[in-house]
Amino acid sequence: MTQDDPLLTVENLHTSFHTDDGTVNAVDGVDFTVRRGETVCLVGESGSGKTVACESITQLFKRPPGEITAGSIVFDGIELTNCSERELTDIRGARISHVFQNPQNALNPVYTIGWQLLEAIELHQDVSRAAARAEAVELLDRVGISEASDRLEAYPHELSGGMKQRVMIAMALACQPDLLIADEPTTALDVTIQAQILRLLKDLQAEYGIGILFVTHDLGVVAEIADRVVVLYAGKVMERGTVYDVFETPCHPYTRALLDCLPGRGSLGGIPGSLPDPMAPPAGCRFHDRCPDAVPDCSTGDQPAFESVVGEDHEVSCLHYRTAAEPTVLESGVEPRRPSERTDGGDTHD
Ligand SMILES: Nc1ncnc2c1ncn2[C@@H]1O[C@H](COP(=O)(O)OP(=O)(O)O)[C@@H](O)[C@H]1O
Ligand code: SF4
Ligand SMILES: [Mg+2]
């Protein structure tokens, strides 16, 4: 393990839920990495597998029905899929922190904020009560909570949604994690608070050098916070690359459709159609029944293999980018918009 190795490497991850109605392959062969000090965003519509991918890292879901059926998750040299529950509990909180979408469920209503923060600090650091209290005040202050020492006495219900989310972030940072996994942490908040929290995360990241895996369905948020982007659809990665490449030269029709949904980009009301049945995903490319560029070959075989496109580690899973595209695809009459051929500029850094 060298300093240059990714902090987190997820390879060929398959996570399923065995239900009475059948098996849901929620994450179906997903790869991504997170380096120290960078923010990687998982993006995709609701139901694409973002939360399950995050929960797989420290196996937060109930097992059964959930199960990692294949793949590897290496965190700082440790293969997490081989860890016992006890080892995972030690890593969770101590080295990998989670911030969830709904702080309501993550804070205990019967204890004060201070009690919960001190508990998190004392669990992971060998410090005196007074030092832990001073750190709790400092953390609340860092996450932008005014009159922090008074707030320690508050119960969760006495705080606004934005405040509770800040407390959650303070608790997630209390153990000084190497990796912060934030699953739609700002979705329930108004845009002003959301912007403050995104800035706060970037500031704290710059200060502590933590890696952040950030989940959102909102590409506007991605533009604010991401270094690299992984676009998920129906449990599979469609495209990945730096935020610059993916926004400037989106290659996958699904990525382009998501970008078209940004305010001012023309597509109101979302992408027509819906995700396939997770218990019976279609053959071929998972996006084919919603794809404006689909050709007959798109609905046979497997999800297209990744192809490199212009940019650093920029890859796309779409038949139109196959380096050795077969005649049926090339003669189909569909004009794939390869990065070099795009004319609309795709400037979405707004
Ligand atoms: N506990 C569960 N049991 C059965 N299916 C689940 C469970 N959790 C998630 N799923 C399914 O896995 C898929 C991915 O869900 P999720 O990761 O929550 O999507 P996202 O976070 O992208 O909105 C969905 O089809 C969802 O219904
Ligand atoms: S492989 Fe076919 S269906 Fe899938 S994104 Fe490309 S053109 Fe569309
Ligand atoms: Mg989710």
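Ligands are counted one by one from 1 in listed order, and the atoms in each one are counted from 1 as well.
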J.: Got the residues with a heavy atom under 4.0 Å of ligand 1, by chain and number?
T.: F17, T19, V24, A26, E45, S46, G47, S48, G49, K50, T51, V52, P278
J.: Listing by chain and number, which residues have a heavy atom under 4.0 Å from ligand 2?
T.: H252, P253, C285, H288, C291, D293, A294, C298, P304, C318, L319, H320
J.: Give me the one residue out of H252, E45, R290 that meets side chain to side chain donor-acceptor pair (under 3.5 Å) with Y233.
T.: R290
J.: A quick test of your reading: do over 12 heavy atoms of other residues, nucleotides or ligands sit less than 6.0 Å from CG of D302?
T.: no
J.: Charged N to carboxylate O under 4.0 angstrom, E224 versus R199?
T.: no
J.: Where the side chain of S97 meets the backbone of A172, is there a donor-acceptor pair that is under 3.5 Å apart?
T.: yes
J.: State whether R36 and D76 are salt-bridged, where the test is any N-O pair (Lys NZ or Arg NE/NH1/NH2 against Asp/Glu carboxylate O) under 4.0 Å.
T.: yes
J.: Please check this pair: side chain of E315 against backbone of V309, looking for a donor-acceptor N/O pair closer than 3.5 Å.
T.: no
J.: Quick one, Q205 and L201 - any side-chain contact, counting heavy atoms below 4.5 Å?
T.: no
J.: Considering only NZ, NE, NH1 and NH2 on the basic side and carboxylate oxygens on the acidic side, decide whether R286 and D28 come within less than 4.0 Å.
T.: yes
J.: Ring of F306, cation from R240 - is the NZ or CZ under 6.0 Å from the centre and inside 45° of the axis?
T.: yes
